[in-house]
Amino acid sequence: MIKKENWWKESIIYQIYPRSFKDTNGDGIGDLKGIVEQLDYIQNLGVDAIWLNPIYSSPNEDNGYDVSDYRAIQPDFGSMDDFDTLLAEMHKRGLKLIMDVVVNHSSDEHEWFKQSRSSRTSPFRQYYHWWPAEKGKPNYRYSLFDTKGDAWKYDSLTDAYYLHYFSQKQPDLNWENPKLRQEIYDIMTFWAEKGVDGFRLDAFQFAAKDTTFPAFPTGFEKNFIDYYAMQEGLHLYLKEMHKEVFSKYDVMSVAEGAGRNFKDAHELVDEDRNELNMAYAFEGVDLAKYEGYSLVNFKKVFSRWDSAFSEKGWLSIFLANHDQARLVSRFGNDSPAYREASAKLLNTFILSMRGTPYCYYGDELGMTNQTFKRIDQYQDIAARNGYQKALAEGEDMELYMKKLNFGSRDHGRSPMQWNASAQAGFTNGKPWLPVNPNFKKINVQLQEKDPNSVLNHFKKMTALRKENPTLVYGRYTLLSPDHPAIYAYTRSWEGTQFLVLLNFSDQASSLNLPMDISDAQQLISNTDQLVRNGTAVTLSPYQSVILKIK
């Protein structure tokens, strides 16, 4: 069993989408000063670290995931002085900062790309993937953000095509080039020298590519991860990155994605590999669909990943991030009757599992999706370009819009709801994305005053996790795997055992346990006292309870 203690194993990470957190200058866009203003709030949540989505200079084709200068701060967010202040104020409060590093691709407005496309003989030509037009059009590659789904863009300046797995303004970097790699390590060293505490590598499992670009089977895009992720060379790049950067600083490292299978994931994060610290796998977060999801399958997925990492390696635990709609609207029940209970339940799950919990801003309040009816209400490039592609391909657009309204990334990026004043206290101007109309009922100010709020339950859970290393390092054992409504498991470590009971249903649900819990101490519940009799328990709708068995 894993016992080695590390700060990043014991940390609770709070993810902030800076555009949407707090605006201090009235331009409708969140900024670094806004985060500084709210550091006491963040500290009081009981979290240990902030993962900050990209704040580098960017034309904002993909809200900062298209970087034009990796050593400069996007003016919308402030200045480098503001960043230095943020980092210093975080460290004063014992908070660590994890930076998002976007190096599978850059912006087409980065100086490297400008030079690269200027001439076939440019020294920067090999920083990107180019295919000369005289060789014919390269074999098809799928693009996640392109309106036609085509990852090759013809550029007349040098009569060649360049590769972009994401938008046309996000050309992929050529990691086969050692000069490019050294540039990246120098950039990461620049931020490590400033004192940042960790790096999250965006889309990095796609960084290695077979640059002969062979033909893939027809329809490969339906399972493109199998063809894009973890290609030959990736482990060499990560080992080199570890040697050049991670080994020299006390920094945490995590990459978006965990490969195609458990073998890939272990090869990324096992300690003796000298690559990354923890896996960030998508199988769990991807379960929630417009059509719903099965709790039995949900339990299988999380139990399988825990089992695979019970002896070696380390996991991230999350159900939300900037690429997802809101947690309670996807995995819980955001109706007025059940929103609070189900939001508390989901936070209880994330904060009671083995692995490093990642909690997304606003989920500590139970913020919800809003209703978008027209495509012009969306800001996200994935939504807008996806709509055009679906239209061109003759999809059922009514169904497409329903699915988009359920799962759009814009839902997870709406402004933080601070209070009941205009624009939820996020800005004095017009917000870049509309504030959810329910902000008068769901906001920080209201919930801080209510001892039974989602926010105060979140704080109780972070405190419980911090006080009990069993919830960090303890063995996880699933109970009643086939129960359709209740997720039950124990966490056991050094003679202590906790029982976690979660009713994912809007109906009261009962369960017979393998142990008598008559005398077990109830540590936390999101609703009432647990109804129990010996080994039998009945949970009210969306009830979540943690008991200390021994």
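Predicted, not measured: the structure shown is a model, and the values here were computed from it.
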| field | Test of ring centre spacing under 6.0 Å for H110 and Y70 | value | yes
| field | Atom pair CG (L327) and CG (L346), whose distance is rounded to the nearest 0.5 Å | value | 4.5 Å
| G26 backbone acceptor or donor facing D23 side chain under 3.5 Å | yes
| message | Ignoring hydrogens, what is the shortest heavy-atom contact between Y542 and S342? Give both atom names and the distance. | response | CD2-CB, 3.5 Å
| Verdict with supporting geometry, N385 and S167, side chain to side chain donor-acceptor pair (under 3.5 Å) | CA-CA 9 Å; N385 287 3; S167 93; over 6 Å; no
| M401 versus K373, closest heavy-atom pair with distance | CE-O, 3.6 Å
| message | Determine whether W418 and Y41 satisfy the following criterion, ring-ring contact (aromatic ring centres under 6.0 Å, His included), listing intermediate values before the conclusion. | response | CA-CA 11 Å; W418 293 105; Y41 166 79; 5.1 Å; yes
| Any pair counted as salt bridge (charged side-chain N to carboxylate O under 4.0 Å, His left out), so long as it reaches residues 28-39, sequence neighbours left out | K22-E37
| message | Given 3.5 Å as the limit, does a donor-acceptor pair link the side chain of S79 with the main chain of D82, or not? | response | yes
| task | State whether a side-chain donor-acceptor pair under 3.5 Å links T348 with N526. | result | no
| message | Give me each pair satisfying side chain to side chain donor-acceptor pair (under 3.5 Å) with a member in residues 443-452, each pair once, sequence neighbours excluded. | response | none
| message | Nearest 0.5 Å, please: how far is CG in D186 from CZ in R71? | response | 6.0 Å
| field | Polar side chain donor-acceptor pair, W130 to S116, under 3.5 angstrom | value | yes
| message | Does T356 form a side chain to side chain donor-acceptor pair (under 3.5 Å) with W8? I'd like the steps, not just the answer. | response | CA-CA 7 Å; T356 298; W8 41 267; over 6 Å; no
| query | E221 and Y228: side-chain donor and acceptor closer than 3.5 Å? | reply | no
| Would you call I375 and L404 a side-chain contact if the rule is heavy atoms closer than 4.5 Å? | yes
| message | Show me the pairs that pass salt bridge (charged side-chain N to carboxylate O under 4.0 Å, His left out) and involve residues 87-112, at least two apart or across chains. | response | D40-R93, E89-K92, E89-R93, D100-R200, D108-K169, E109-K169
| task | Would you kindly say whether E183 and Y127 are connected by a side-chain donor-acceptor distance under 3.5 Å? | result | yes
| Heavy atoms, side chains only, cut-off 4.5 Å: are F349 and L319 in contact? | yes
| task | Tell me, with the steps shown, if M80 and K194 meet side-chain contact (heavy atoms from CB on, under 4.5 Å). | result | CA-CA 11 Å; M80 190 61 81; K194 275 188 167 290; 3.5 Å; yes
| field | Test side-chain contact (heavy atoms from CB on, under 4.5 Å) applied to F318 and I350, step by step | value | CA-CA 6 Å; F318 67 101; I350 294 166; 5.8 Å; no
| message | Checking side-chain polar atoms at under 3.5 Å, does S335 have a donor or acceptor matched by the opposite partner on N333? | response | yes
| query | Hey, is the main chain of V269 close enough, under 3.5 Å, to the side chain of W314 for a donor-acceptor pair? | reply | no
| message | Is a donor from one side chain sitting under 3.5 angstrom from an acceptor on the other, for H322 and N63? | response | no
| said: I'd like to know if the side chain of D410 and the backbone of Q379 have a donor-acceptor N/O pair within less than 3.5 Å. | reply: yes
| Charged N to carboxylate O below 4.0 Å: is that the case for D376 and R374? | yes
| query | So how far is it from F166 CZ to D172 CG, rounded to the nearest 0.5 Å? | reply | 7.5 Å
| message | Show, in sequence, the C-alpha distance, side-chain angles and deciding distance for F199 and V251, and conclude whether the side-chain contact (heavy atoms from CB on, under 4.5 Å) test is met. | response | CA-CA 7 Å; F199 297 103; V251 291; 4.3 Å; yes
| field | Donor-acceptor side-chain pairing of Y249 and D197 below 3.5 angstrom | value | no
| field | side-chain contact (heavy atoms from CB on, under 4.5 Å) assessment of N405 paired with T371 | value | CA-CA 7 Å; N405 191 55; T371 300; 4.2 Å; yes
| said: Would the distance check show the side chain of T427 and the main-chain N or O of K430 forming a donor-acceptor pair, the cut-off being under 3.5 Å? | reply: no
| query | Can N321 and W51 be counted as having a side-chain donor-acceptor contact under 3.5 angstrom? | reply | no
| Under 3.5 Å side-chain donor-acceptor pair for Y14 and E364 | yes
| Considering residues, nucleotides and ligands other than N25, do more than 12 of their heavy atoms fall under 6.0 Å from its CG? | yes
| At what distance, to the nearest 0.5 angstrom, does CD of Q370 lie from OG of S414? | 5.5 Å
| note | On a heavy-atom basis, the closest approach of Y361 and S20 is OH-CB, 3.3 Å
| Are any of the side-chain heavy atoms of I98 and I13 separated by less than 4.5 Å? | yes
| Going by the salt bridge (charged side-chain N to carboxylate O under 4.0 Å, His left out) test, which pairs reach into residues 314-334, not counting sequence neighbours? | D323-R409, D323-R413, R326-D363
| said: Apply side chain to side chain donor-acceptor pair (under 3.5 Å) to residues D146 and Q168 and explain how you reach the verdict. | reply: CA-CA 7 Å; D146 190 72; Q168 294 180 6; 3.1 Å; yes
| request: Could you tell me whether K289 sits above the aromatic face of F406, with NZ or CZ closer than 6.0 angstrom to the six-membered ring centre and within 45 degrees of the axis? | output: no
| Expected output: side-chain S122 to main-chain Q115 donor-acceptor under 3.5 Å | yes
| field | Check: S58 main-chain N/O paired with S107 side-chain donor or acceptor under 3.5 Å | value | no
| said: I need the full list of ring pair (Phe, Tyr, Trp, His ring centres under 6.0 Å) pairs touching residues 169-192, with sequence neighbours left out, sorted by first then second residue. | reply: Y56-W191, F83-W191, W175-F204, W175-Y237
| message | For D202, is there any backbone N or O sitting under 3.5 Å from a side-chain donor or acceptor partner on N104? | response | no
| note | So NZ of K9 and CZ of R354: to nearest 0.5 Å the spacing works out to 10.0 Å
| field | Closest approach of I442 to L365 (non-hydrogen atoms, all atoms of both residues) | value | CG2-O, 3.7 Å
| task | Please report the closest heavy-atom contact between L276 and V254, naming both atoms and the distance. | result | CD2-N, 4.4 Å
| message | Looking at W152, I'd like to know if the NZ or CZ of R141 sits under 6.0 Å from its six-membered ring centre while staying within 45 degrees of the ring's axis. | response | no
| message | I'd like to know whether the aromatic ring centres of Y17 and Y360 sit less than 6.0 Å apart in this structure. | response | no
| said: Can you classify the ring geometry of F298 versus F302 as parallel (below 30°), tilted (30 to 60°) or perpendicular (above 60°)? | reply: tilted
| remark: ring pair (Phe, Tyr, Trp, His ring centres under 6.0 Å) pairs touching residues 370-392, sequence neighbours excluded, are F372-Y378, F372-H411
| said: If only side-chain N and O atoms count, and only distance matters, is there a donor-acceptor pair under 3.5 Å linking S106 with Y128? | reply: yes
| query | Would you find a donor on one side and an acceptor on the other, under 3.5 Å apart, between the side chain of D62 and the backbone of D66? | reply | no
| request: Please report the closest heavy-atom contact between A320 and Y280, naming both atoms and the distance. | output: O-OH, 4.4 Å
